[in-house]
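Quick caveat: nothing in here was measured; it's all calculated off a predicted structure. These numbers come from the heavy atoms of this one structure, side chains and all, not from hydrogens, waters or symmetry mates.
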There are 2 protein chains.
Amino acid sequence: MRNTEQKSVILEVLQTHKDHPTADQLYSEVRERLPKISLGTVYRNLEKLSSSGVIMKLELGGNQKRFDPNPMDHYHFRCITCSSIEDLPQDLKVDLPDINSETRSNRVILGTTLEYYGYCEECAANKILN
Amino acid sequence: MRNTEQKSVILEVLQTHKDHPTADQLYSEVRERLPKISLGTVYRNLEKLSSSGVIMKLELGGNQKRFDPNPMDHYHFRCITCSSIEDLPQDLKVDLPDINSETRSNRVILGTTLEYYGYCEECAANKILN
DNA sequence: AATATACTAGTAATAGTTATCATTAAGGAG
DNA sequence: CTCCTTAATGATAACTATTACTAGTATATT
């Protein structure tokens with residue numbers, strides 16, 4: 001993996017985020033620093049950075065993938081109204097059962113995704129008003 | 001919601017499945033019985049059936065949504081190699097923490113998605129052979 | 001049987017992402 | 001430092017999954 005300016009700017013921009021931007025959000029922010037960068041480059045680098053464990057690609061509900069600067073294992077809440085994604089505290093660990101022994105199977109379990117969904121605080125408040 | 005032949009055939013075909021087909025898989029199966037049906041009709045009816053709670057739409061990792069004839073809450077395992085999705089036993093219940101009290105928030109939690117991912121038994125066996 | 005309208009087939013449009021390809025630029029070897 | 005291999009880039013096309021549109025059809029209520 002070669003070190004390019006594009007890659008490091010993409011990473012820097014993502015790391016300023018406390019939320020979980022989509023590829024096109026990052027694209028428009030990165031373009032302020034690198035106006036000639038192309039969307040494909042953003043996708044390509046996000047893919048490399050996540051497959052090498054520097055960042056995390058989130059495949060939760062909804063139609064867009066999102067990117068998380070924090071590659072450590074943690075859970076998320078997703079708002080089905082505004083599509084925002086919130087981190088749940090990293091020390092929140094749920095004791096998940098060993099499904100292989102439960103089902104007598106020999107799968108290789110690489111990880112788990114736990115997602116809560118509903119209305120975020122803001123959208124919930126708005127719903128009451130309307 | 002009106003009762004059409006298309007809708008009931010789509011539901012019947014889905015209910016013969018023990019796995020979790022995609023919309024286009026169902027489309028090609030349904031077409032054997034209703035050769036003139038269109039893909040849009042399949043999507044439309046799957047949407048109605050899932051929003052009325054008869055079936056379940058799965059938005060897990062990967063790029064295609066899948067449909068589950070069983071609308072009861074249960075968890076899934078997803079194979080990242082062959083993209084298949086397996087049901088975990090319905091009596092497997094994990095005690096999930098109340099994230100609102102944990103984070104002092106007033107979100108409205110409508111549900112949770114718990115997904116295990118990795119290599120299914122078959123793909124795991126194949127990997128060892130190669 | 002008449003009627004209002006939800007649903008359909010066929011098709012176009014959209015959104016998100018990936019592939020292609022000629023050109024550029026990392027970064028290791030000499 | 002210069003050369004050279006090749007990974008990465010920008011620009012664009014292609015692709016995949018899904019949704020929208022519309023004239024015509026069929027359901028189910030009156």
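What separates CD of A:Gln64 from C1' of D:dA17 is a distance of 14 Å, to the nearest Å. In this structure, NZ of A:Lys65 is placed 11 Å from P of D:dA17, rounded to the nearest angstrom. Rounded to an integer number of Å, the gap from B:Arg66 CZ to D:dT18 C1' is 15 Å. Between the CG atom of B:Leu58 and the C1' atom of D:dA17 there is a distance of 16 Å, rounded to whole Å. Per the geometry, CG belonging to B:Asn63 stands 16 Å off C1' belonging to D:dA14, to the nearest Å.
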Heavy-atom contacts, protein to nucleotides 23-30 of chain D, under 4.0 Å, summarised as B (base), S (sugar-phosphate only) or - (none) per nt, yield ---BBS--
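A cation-pi contact, defined as under 6.0 Å to the ring centre and within 45° of the axis, links B:Arg107 to A:Phe77.
A donor-acceptor pair is defined here as one N or O able to donate and one able to accept, closer than 3.5 Å; such a pair exists between the side chain of B:Glu59 and the backbone of A:Gly62. Judged purely by atom type and a 3.5 angstrom limit, A:Lys7 uses its side chain to pair as donor or acceptor with the backbone of A:Arg2.
Of all the residues in residues 34-54 of chain B, B:Lys36, B:Ile37, B:Ser38, B:Thr41, B:Arg44, B:Asn45, B:Lys48 reach under 4.0 Å from DNA chain C with at least one non-hydrogen atom.
In this structure, the separation between CG on B:Leu14 and CD on B:Gln25 is 11.0 Å, given to the nearest 0.5 Å.
Residue B:Glu12 qualifies as enclosed at atom CD: its count of foreign heavy atoms under 6.0 Å is above 12.
Under the 30°/60° scheme for interplanar angles, the aromatic rings of B:His20 and B:His74 are found to be tilted.
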Passes side chain to side chain contact (heavy atoms under 4.5 Å, CB included), B:Arg66 versus B:His76? Steps please. CA-CA 12 Å; B:Arg66 288 173 177 270; B:His76 295 95; over 6 Å; no
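Side-chain contact annotation: B:His17 with B:Glu29, donor-acceptor N/O pair under 3.5 Å present.
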